[in-house]
Q: 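Take a look at this one; I'll ask things after.
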Amino acid sequence: SGVADFVIRESAGGRLPTVRISPDLAVCERCLYELFDPADPRFQYPYINCTDCGPRYSIILGLPYDRAATTMGAWTMDQRCAAEYHDPASRRFHAQPLACPDCGPHYRLRGGTEDTDAAVIAAAAARLSGGDILAVKGLGGYHLACDAHNRRAVTALRERKFRKEKPFALMARELEVAHRLVELSPAAQALLTSPARPIVLAPARAELPGVAPDNRDLGVMLPYTPLHHLLFAAGAPEALVMTSANRSNEAIAYEDADAYERLSGIADAFLVGERPIARRVEDSVVCDGAFGPVTLRRGRGLAPGSVTSLPTTRPILALGADLKNALTLVVDGQAFVSQHIGDLDDYSAFEAFERTIADLLEMYRVDPAQLVVAHDAHPQYRSTSQAERVPAGARVSFQHHRAHVASVLAERAAWGVQVLGVSFDGTGYGDDGAIWGGEFFAGSLEEGFARIAHLRPAALVGGDAAARHPVQAAAGFLQQVEGLPDLAAAPFSFPARYGDVVRVLESGTRVFPTTSTGRLFDAAAALLGFTRAVTFEGQAAIWLEHLARSAPAVEPYPFPFTDGELDFRPLLHAVARDRQRGRPASEIARAFQAGLAHGVRDACVVLCAARRTGAVVLSGGVFQNDLLLRDLKRLLEGESLDVWVNHAVPANDGGISLGQAALAALHTVS
């Protein structure tokens with residue numbers, strides 16, 4: 001009563017922003033209809049969008065979210081767009097990226113002569129069909145695209161990108177094509193077609209040489225921008241490799257000048273959009289796991305959404321780890337998890353890390369005097385050093401594996417629940433300075449977590465370098481296994497590096513104690529034939545899992561739990577014995593994985609009974625192994641134990657910042 005009219009005004013500064021930053025959204029069905037309607041003024045316009053779809057996080061320069069604070073600020077709306085923008089009855093009412101062919105940005109082929117979007121896209125589609133590699137500017141960065149069925153093009157892309165074996169992602173023209181590429185469960189199909197339009201990892205149906213070597217899965221996504229739909233409509237191959245535009249281990253290119261410089265030796269042509277990208281955002285990667293949908297990489301469509309509410313009033317910035325880095329910012333209790341940033345050893349990834357910190361703090365106008373910065377306990381992490389450079393009222397560190405466990409509990413808002421936390425990964429700085437990675441904790445987020453059991457310690461030569469050479473990792477584990485055959489002889493054929501590492505072990509130089517389950521997987525993979533260096537993180541363990549998936553169920557190898565330790569010696573002895581006897585490698589891999597699951601089950605049963613808890617939390621990169629999770633689900637639920645895993649954030653280090661933030665919220669004065 002007493003209100004004469006209703007208006008939406010341009011935002012005025014002053015108060016702290018409270019509106020959440022929206023993730024980028026896939027093009028909606030109504031915009032798609034208009035895109036292919038010859039009578040529509042935005043017919044074939046690659047930047048069509050409305051309030052229900054289009055770019056958000058990737059174009060925002062600041063809050064509040066007004067057009068002037070986006071990368072669309074350089075384009076003035078024409079009369080038709082302005083009328084829709086100001087019309088409350090229009091679905092484009094206050095759609096900040098709004099544009100049309102007459103007033104908005106366009107696409108072009110670098111160096112090409114085509115003068116319309118339609119002609120540019122048709123030429124690009126023809127080049128893809130002809131076997132060329134294209135750098136394609138998308139929502140959060142450039143992709144490198146080629147025909148997935150063209151062996152020559154895929155091989156050329158691998159050679160030029162220096163990506164030896166890591167799988168490429170695919171984009172399928174439509175759902176029917178995706179079904180021909182991979183086996184989609186109903187849950188996986190729901191993920192594939194969800195508004196986030198992520199890459200979905202699923203068992204392969206099609207044989208695509210060179211796309212995913214030694215891997216039984218393919219990562220597939222559907223078109224999510226108008227440009228993608230236009231490319232396929234113009235005749236692009238029905239399945240495209242669509243991989244991040246970078247050289248191996250670098251951050252994705254997202255600025256035009258940088259893309260031209262870094263990709264000129266990779267791409268045959270550049271399909272360039274005029275709208276600038278404010279920040280790089282890679283595609284999200286998900287799968288239908290043993291316990292439901294799982295996030296493997298958090299990016300476009302998901303980041304920087306809020307994943308949970310934490311019991312704190314202070315702002316918290318959690319810096320994550322140095323591998324697979326992602327940040328968490330907590331404002332008014334809401335935990336916003338950033339996009340995947342990458343490995344901070346790469347300079348461009350570290351720059352993105354610094355930029356994302358500045359972005360989030362500036363957008364939410366965080367008061368440095370109130371800010372709590374949380375970071376990993378590793379004294380030599382780059383993220384730890386960065387914590388000292390961020391202006392803050394308080395700084396607090398948390399042990400790596402406790403943060404993994406905390407990330408699961410944070411997702412569930414389970415502050416006081418007593419759990420048994422199982423944190424298995426490749427490496428993390430332990431309380432004693434050793435390299436941990438096979439840990440059992442008891443406690444809660446409120447009380448903290450006590451380490452109560454672990455993998456039997458082994459020796460590791462060279463620290464992190466051992467993660468690149470499975471035989472190097474194997475040496476310290478096998479040093480404790482009696483009765484081994486000559487590993488330099490067939491069928492093992494360990495290279496000379498193994499003998500060199502054994503001599504270093506005997507000397508004690510640069511030898512570190514470790515309880516790393518990731519390195520245990522590497523040792524088993526080496527015994528089964530993976531004796532070369534890895535070309536991407538976790539490759540040997542992934543190879544072992546996929547080898548095991550090709551075998552039927554078998555009897556598990558022994559992996560006994562006694563006196564608070566899981567003893568790997570009988571497990572590796574059985575692997576070596578059966579390999580020498582000629583048992584199929586796939587059956588050995590399956591028995592190894594089954595043995596690991598049974599050993600973990602036995603440990604959980606004993607420890608849960610001692611602590612009187614019925615909830616088991618599984619986190620850390622090892623628990624991205626879906627075969628292991630499926631075995632554990634059957635075994636632990638058979639013991640009437642509840643099992644909790646990560647869903648909203650990755651189980652790997654991409655989710656660790658959420659755990660740090662939760663621990664900071666519970667253990668820092670609010």
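This structure is a prediction, so every number in the text was calculated from the model and none was measured. Numbers for residues simply follow the sequence, beginning at 1.
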Q: Would you sort out whether E565 and H454 count as a side chain to side chain contact (heavy atoms under 4.5 Å, CB included), showing the intermediate values?
A: CA-CA 5 Å; E565 286 188 352; H454 51 79; 3.4 Å; yes
Q: Would you say the side-chain atoms of R314 pair up with the backbone N or O of Q370, donor to acceptor, closer than 3.5 Å?
A: yes
Q: Run through L632, V408, V645, D425 and flag the one making a side-chain contact (heavy atoms from CB on, under 4.5 Å) with F623.
A: L632
Q: Give a yes or no on whether the backbone of V504 and the side-chain of T509 come within a donor-acceptor separation of less than 3.5 Å.
A: no
Q: Given the rule in the salt bridge (charged side-chain N to carboxylate O under 4.0 Å, His left out) test, do D500 and R503 qualify, once you have shown the distances and angles that lead to the verdict?
A: CA-CA 5 Å; D500 295 339; R503 285 186 285 276; 2.5 Å; yes
Q: Could you tell me whether a side-chain N or O of D522 sits under 3.5 Å from a main-chain N or O of A474, the two making a donor and an acceptor?
A: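 Side chain of D522 to backbone of A474: no pair is present.
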Q: Once rounded to the nearest 0.5 Å, what's the spacing between atom CG of L319 and atom OG of S397?
A: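 The distance works out to 11.5 Å.
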Q: Sequence neighbours excluded and cut-off under 3.5 Å, please list the side-chain donor-acceptor pairs for residues 530-540, or say none.
A:
{"from": "R532", "atom 1": "NH2", "to": "E165", "atom 2": "OE2", "distance (Å)": "2.8"}
{"from": "T535", "atom 1": "OG1", "to": "E165", "atom 2": "OE1", "distance (Å)": "3.1"}
{"from": "T535", "atom 1": "OG1", "to": "Q539", "atom 2": "OE1", "distance (Å)": "3.1"}
{"from": "E537", "atom 1": "OE1", "to": "K324", "atom 2": "NZ", "distance (Å)": "2.2"}
{"from": "Q539", "atom 1": "OE1", "to": "T535", "atom 2": "N", "distance (Å)": "2.6"}
{"from": "Q539", "atom 1": "NE2", "to": "E165", "atom 2": "OE1", "distance (Å)": "2.9"}

Q: For the backbone of V337 and the side chain of T328, can you confirm whether one donor and one acceptor N or O come within less than 3.5 Å of each other?
A: no
Q: State whether the number of non-hydrogen atoms from other residues, nucleotides or ligands found under 6.0 Å of D563 atom CG is greater than 12.
A: no
Q: Quick one, R549 and P203 - any side-chain contact, counting heavy atoms below 4.5 Å?
A: yes
Q: Kindly say whether I435 contributes a backbone atom to a donor-acceptor pair with the side chain of T514 at under 3.5 angstrom?
A: yes
Q: Test of understanding: with side chain to side chain donor-acceptor pair (under 3.5 Å), list the residues that count as partners of R468, not counting sequence neighbours.
A: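 If we apply the side chain to side chain donor-acceptor pair (under 3.5 Å) test to R468, skipping adjacent residues, there are no hits.
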Q: Would you say that Q480 contacts R456 through its side chain, given a criterion of any heavy-atom pair below 4.5 Å between the two side chains?
A: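 Of all side-chain heavy-atom pairs linking R456 with Q480, at least one is under 4.5 Å.
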Q: What pair of heavy atoms forms the shortest contact from A410 to T308, and how long is it?
A: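 Smallest interatomic distance, heavy atoms only, reads O-OG1, 2.8 Å.
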Q: Quick one: does T613's side chain have a donor or acceptor within less than 3.5 Å of a partner on Q418's backbone?
A: yes
Q: If I compare all heavy atoms of L663 with all of A406, which pair ends up nearest, and what's the gap?
A: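 Nearest pair, atom of L663 first, then A406: CG-CB, 3.8 Å.
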Q: Do H378 and D322 have side-chain N/O donor and acceptor atoms under 3.5 Å apart?
A: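 Judged by distance alone, the side chains do not pair up.
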Q: Would you say that H400 contacts I656 through its side chain, given a criterion of any heavy-atom pair below 4.5 Å between the two side chains?
A: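 Heavy-atom side-chain distance check passes, below 4.5 Å.
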Q: Heavy atoms only: give me the nearest T312-V330 pair and the separation to one decimal.
A: CG2-CG1, 3.9 Å
Q: Using only atom types and a distance under 3.5 Å, with no angle test, would you say the side chain of S586 pairs donor to acceptor with the backbone of A551?
A: no
Q: Would you say the side chains of E439 and T515 form a donor-acceptor pair under 3.5 Å?
A: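 Yes, side-chain donor-acceptor contact under 3.5 Å.
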Q: Nearest 0.5 angstrom please: Q580 CD to F492 CZ, how far?
A: 5.5 Å
Q: Hey, does F494 have a side-chain heavy atom less than 4.5 Å from the side chain of L527?
A: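 A side-chain contact under 4.5 Å exists here.
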Q: Between F521 and L596, is any pair of side-chain heavy atoms under 4.5 Å apart?
A: yes
Q: Measuring from atom CG of L460 to atom CZ of F512, what distance do you get when rounded to the nearest 0.5 angstrom?
A: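 Between atom CG of L460 and atom CZ of F512 there are 8.0 Å.
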Q: Shortest non-hydrogen contact from L344 to A321?
A: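 So the minimum-distance heavy-atom pair works out to CD1-O, 4.0 Å.
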Q: Any idea which heavy atoms bring A589 and L544 closest together, and the distance?
A: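 Heavy atoms of A589 and L544 come nearest at CB-CD1, 3.6 Å.
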Q: When rounded to the nearest 0.5 angstrom, what is the spacing between CG in L547 and CD1 in I588?
A: 9.0 Å
Q: For this output row, return yes or no: ring centroids of F424 and F440 closer than 6.0 angstrom.
A: yes
Q: Say whether N646 and S407, considering side chains only, have a donor N or O and an acceptor N or O under 3.5 Å apart.
A: yes
Q: What is the distance from atom CG of N625 to atom CZ of R630, rounded to the nearest 0.5 Å?
A: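 N625 CG to R630 CZ: 11.0 Å, rounded to 0.5 Å.
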Q: Under 3.5 Å, is there a donor-acceptor pair between the D653 and H404 side chains?
A: yes
Q: Side chains of W436 and Y429, heavy atoms from C-beta outward: is any pair under 4.5 Å?
A: no
Q: Between F477 and F568, how do the two ring planes meet: parallel, tilted or perpendicular, split at 30° and 60°?
A: perpendicular
Q: Rounded at 0.5 Å granularity, tell me how far CG in D602 sits from CZ in F561.
A: 9.0 Å
Q: Indicate yes or no for a side-chain donor-acceptor contact from E411 to the backbone of V649 under 3.5 Å, with no hydrogens or angles considered.
A: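 Indeed, once roles are kept as given, a pair shorter than 3.5 Å links the two residues.
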Q: Are R389 and Q386 close enough that a side-chain donor and a side-chain acceptor fall under 3.5 Å?
A: yes
Q: Please report whether the ring centroid of F592 lies less than 6.0 Å from that of F559.
A: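 F559 vs F592: aromatic centres not under 6.0 Å.
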Q: D626 and E545: side chain to side chain contact (heavy atoms under 4.5 Å, CB included), yes or no, with the steps?
A: CA-CA 8 Å; D626 195 59; E545 178 194 354; 4.1 Å; yes
Q: Can you find a heavy atom in the side chain of F291 that is under 4.5 Å from one in the side chain of H647?
A: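 Yes; the side chains approach each other to less than 4.5 Å.
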Q: Does D567 use its side chain to pair, donor to acceptor, with the backbone of R569 at less than 3.5 Å?
A: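 Side chain of D567 to backbone of R569, a donor-acceptor pair under 3.5 Å: yes, one is there.
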Q: Is there a side-chain contact between L520 and L571 in this structure, where contact means two heavy atoms from C-beta onward sitting under 4.5 Å apart?
A: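 Counting from C-beta outward, L520 and L571 do come under 4.5 Å.
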Q: Do D431 and Q399 have a side chain donor and acceptor closer than 3.5 Å?
A: no
Q: List the steps and the verdict of side chain to side chain contact (heavy atoms under 4.5 Å, CB included) for R601 and L641.
A: CA-CA 10 Å; R601 186 272 313 273; L641 294 172; over 6 Å; no
Q: Is the CD atom of E555 crowded by more than 12 outside heavy atoms at less than 6.0 Å?
A: no
Q: Sort out for me which residue in I452, L420, V419 forms a side-chain contact (heavy atoms from CB on, under 4.5 Å) with R611.
A: I452
Q: Of all the heavy-atom pairs spanning A473 and R519, show the shortest one and how long it is.
A: CB-CD, 3.9 Å
Q: With distance as the sole test, does D332 use its side chain to make a donor-acceptor pair with the main-chain N or O of Q334 at under 3.5 Å?
A: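 No; zero donor-acceptor contacts below 3.5 Å.
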Q: Assess the residue pair F353 and L327 against the criterion (side chain to side chain contact (heavy atoms under 4.5 Å, CB included)); give the C-alpha distance rounded to whole Å, side-chain angles, the decisive distance to 0.1 Å, and a yes or no.
A: CA-CA 8 Å; F353 171 68; L327 307 170; 3.3 Å; yes
